[in-house]
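Before any comments, here is the structure.
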Amino acid sequence: MKKTMFSAVQPSGAITLGNYIGYIKNAVSFQNDYNCIFALADLHAITVRQDSKVFSKNILEAYAIFLASGINLEKSIFFLQSQVYTHAELAWILSCFTQFGELSRMTQFKDKSSKKAHEEINSGLFCYPTLMAADILLYRTDFVPVGIDQKQHVELTRNIAKRFNQIYGDIFTIPEPIISKTGEKIMSLQEPTKKMSKSDLNKYSYISVLNSPDEIIKKINKSVTDSNNEIKFSKSNQTGINNLINIYLSLTDKNIKQIELEFENKNYGIFKKAVSEAIIEELIPIQNKFKDYIRNLDYLNSCFIDNSKKAYDISSNILETVKKNVGFI
């Protein structure tokens, strides 16, 4: 019997090449080996104020991009978090089993709150990890694919589950994180010491999955490299060329040695052209399928309804078990 994998991503803006390489490609491949349950974490996304019309558009587009990229509804469940109320209900119950000190020590909360005035920090940002724990524990999840920056959240989820189980018995499955090695973190094209982000104000710092070939070529051509003009991966300070090599190997399945040999004695211009071509070749089929999905809103709505029902049917079982053990009538 296949193990269960749960994974969720926020639909709060453009889906970047970094999201695609670090998350979507892995998610698609996991469908062959695991019982996969995917969610668009729209409840998580409102810890930042959203324009409602833009937010709705982002949700639809993100869902269509995932389908176009290969999320297969015959193999997996893929739903909208806000349409399955068990997530919010279990999050409240688990918040009563989560310590204030645990939440205040979360690295992402400290990083994000340090950039805001005290009165601008909402409690949703603080309690975010408890909702994430509910997301995971509702499906008796065995594995959670995460980047390094999210591993701490899975560790907190494990602590909450163990604490609950010690009181009420073996209710929750204790999940394990899976950290991707390849494409784990694609960096900004302009500041390669920072992760590629859709929230970056510089449009040349990231590539959107929906960017045109001309936009992709322009952004890669403007990407920061290094001064020695050698296509070699270095663990020291060549962050710019390392990032482009990481993108190229993630899309071509070549390893670093093969790439270094392929571009030996060639300049950055030639390598950037190859990187652009690899990105375009990967994204054009996805963009074409995306256009078909986004034109068919009736189909997308039917997917939301069907997959939300499937997710509810699974998650309501564990929620009812939790409520019964806590003592609710």
Side-chain angles (χ1 to χ4, degrees), residues 1-12 27 30-31 34-47 50 55-56 58-67 71-98 124 127-145 153-154 157 160-161 164-165 168-175 293 296-329:
M1 186 175 175
K2 288 183 178 179
K3 298 285 190 178
T4 296
M5 174 176 285
F6 177 86
S7 187
V9 65
Q10 291 189 39
S12 53
F30 286 142
Q31 292 178 117
Y34 300 96
N35 170 32
C36 288
I37 300 173
F38 300 115
L40 283 185
D42 46 356
L43 291 176
H44 284 292
I46 63 170
T47 57
Q50 302 286 342
F55 189 37
S56 296
N58 287 341
I59 291 170
L60 283 171
E61 289 189 351
Y63 199 90
I65 286 171
F66 273 70
L67 293 184
I71 295 300
N72 186 339
L73 299 183
E74 302 272 323
K75 295 180 177 181
S76 304
I77 297 172
F78 181 32
F79 66 99
L80 304 186
Q81 183 190 33
S82 64
Q83 293 185 354
V84 184
Y85 78 80
T86 51
H87 288 250
E89 188 169 352
L90 182 61
W92 170 252
I93 295 172
L94 294 184
S95 71
C96 299
F97 293 83
T98 309
C127 298
Y128 177 111
T130 308
L131 176 56
M132 184 173 171
D135 297 338
I136 295 166
L137 296 175
L138 276 168
Y139 300 95
R140 302 190 187 278
T141 301
D142 297 294
F143 298 108
V144 186
H153 286 154
V154 180
T157 299
I160 295 169
F164 194 93
N165 286 355
Y168 299 109
D170 291 333
I171 308 298
F172 293 126
T173 299
I174 309 300
Y293 283 121
N296 194 346
L297 295 183
D298 287 342
Y299 174 72
L300 290 181
N301 282 325
S302 71
C303 291
F304 297 153
I305 293 168
D306 183 50
N307 283 266
S308 293
K309 184 179 184 305
K310 289 178 181 177
Y312 173 75
D313 288 345
I314 296 170
S315 61
S316 61
N317 288 328
I318 190 89
L319 178 62
E320 288 307 312
T321 301
V322 167
K323 290 170 73 173
K324 180 180 177 181
N325 278 273
V326 168
F328 292 124
I329 297 175

Which pair of non-hydrogen atoms, one from Ala39 and one from Phe6, has the smallest distance, and what is that distance?
CB-CZ, 4.0 Å

Give, for atom CD of Glu320 and atom OG of Ser315, the distance between the pair rounded to the nearest 0.5 Å.
10.0 Å

If you round to the nearest 0.5 Å, how far is CE of Met5 from CG of Asn35?
10.5 Å

Taking the side chain as everything from C-beta on, heavy atoms only, tell me whether Leu67 gets closer than 4.5 Å to Phe78.
yes

Any Val144 side-chain heavy atom under 4.5 Å of His153 side chain
no

I'd like to know if the side chain of Thr141 reaches the main chain of Ile136, judged simply by a donor and an acceptor atom lying under 3.5 Å from each other, with no hydrogens or angles considered.
yes

Side chains of Tyr34 and Lys3 in contact at under 4.5 Å (non-hydrogen atoms)
yes

Under the salt bridge (charged side-chain N to carboxylate O under 4.0 Å, His left out) test, residues paired with Lys75 that sit two or more places apart
none

Is there a side-chain contact between Leu80 and Tyr63, using heavy atoms and a 4.5 Å cut-off?
yes

Would you say the rings of Phe66 and Phe38 are close, in the sense that their centroids are separated by under 6.0 Å?
no

Note: Ser82 and Asp42 closest approach over all heavy atoms is OG-OD2, 2.5 Å

Over 12 foreign heavy atoms within 6.0 Å of CG, Leu60:
yes

On a heavy-atom basis, the closest approach of Ala134 and Ala91 is CB-N, 3.6 Å

Find out whether Thr4 and Arg140 are in side-chain contact, i.e. whether some heavy atom of one side chain is under 4.5 Å from a heavy atom of the other.
no

Derivation of the side-chain contact (heavy atoms from CB on, under 4.5 Å) call for Ile171 and Ile318
CA-CA 8 Å; Ile171 308 298; Ile318 190 89; 4.1 Å; yes

Is it the case that the side chain of Gln81 and the backbone of His87 share a donor-acceptor pair, with hydrogens and angles ignored and the cut-off at 3.5 Å?
no

Between the CD1 atom in Ile160 and the CG atom in Leu137, the distance rounded to the nearest 0.5 Å is 7.5 Å

Give, for atom CZ of Phe79 and atom CG of Asp306, the distance between the pair rounded to the nearest 0.5 Å.
13.0 Å

Check whether the ring centres of Phe143 and Phe30 lie less than 6.0 Å apart, and answer yes or no.
no

Answer whether the closest heavy-atom distance between the side chains of Leu40 and Val9 falls below 4.5 Å.
yes

Looking only at non-hydrogen atoms, find the nearest pair between Leu43 and Leu131 and report the distance.
CB-CD2, 3.9 Å

Val322 versus Phe172: any side-chain heavy-atom pair under 4.5 Å?
yes

Rounded to the nearest 0.5 Å, how far apart are OH of Tyr312 and CG of Asn317?
9.0 Å

Which residues share a side-chain hydrogen bond (donor to acceptor under 3.5 Å, both in side chains) with Asn307, sequence neighbours left out:
none

If I compare all heavy atoms of Ile174 with all of Ala161, which pair ends up nearest, and what's the gap?
CD1-CB, 3.6 Å

Backbone N or O of Leu319 within a donor-acceptor pair of the Glu89 side chain at under 3.5 Å?
no

Val84 versus Ser308, closest heavy-atom pair with distance
CG2-O, 3.7 Å

Contact between Phe328 and Ile93 at the side-chain level, heavy atoms closer than 4.5 Å - yes or no?
yes

Quick one: CG on Asp135 to CD1 on Ile37, what's the gap to the nearest 0.5 Å?
11.5 Å

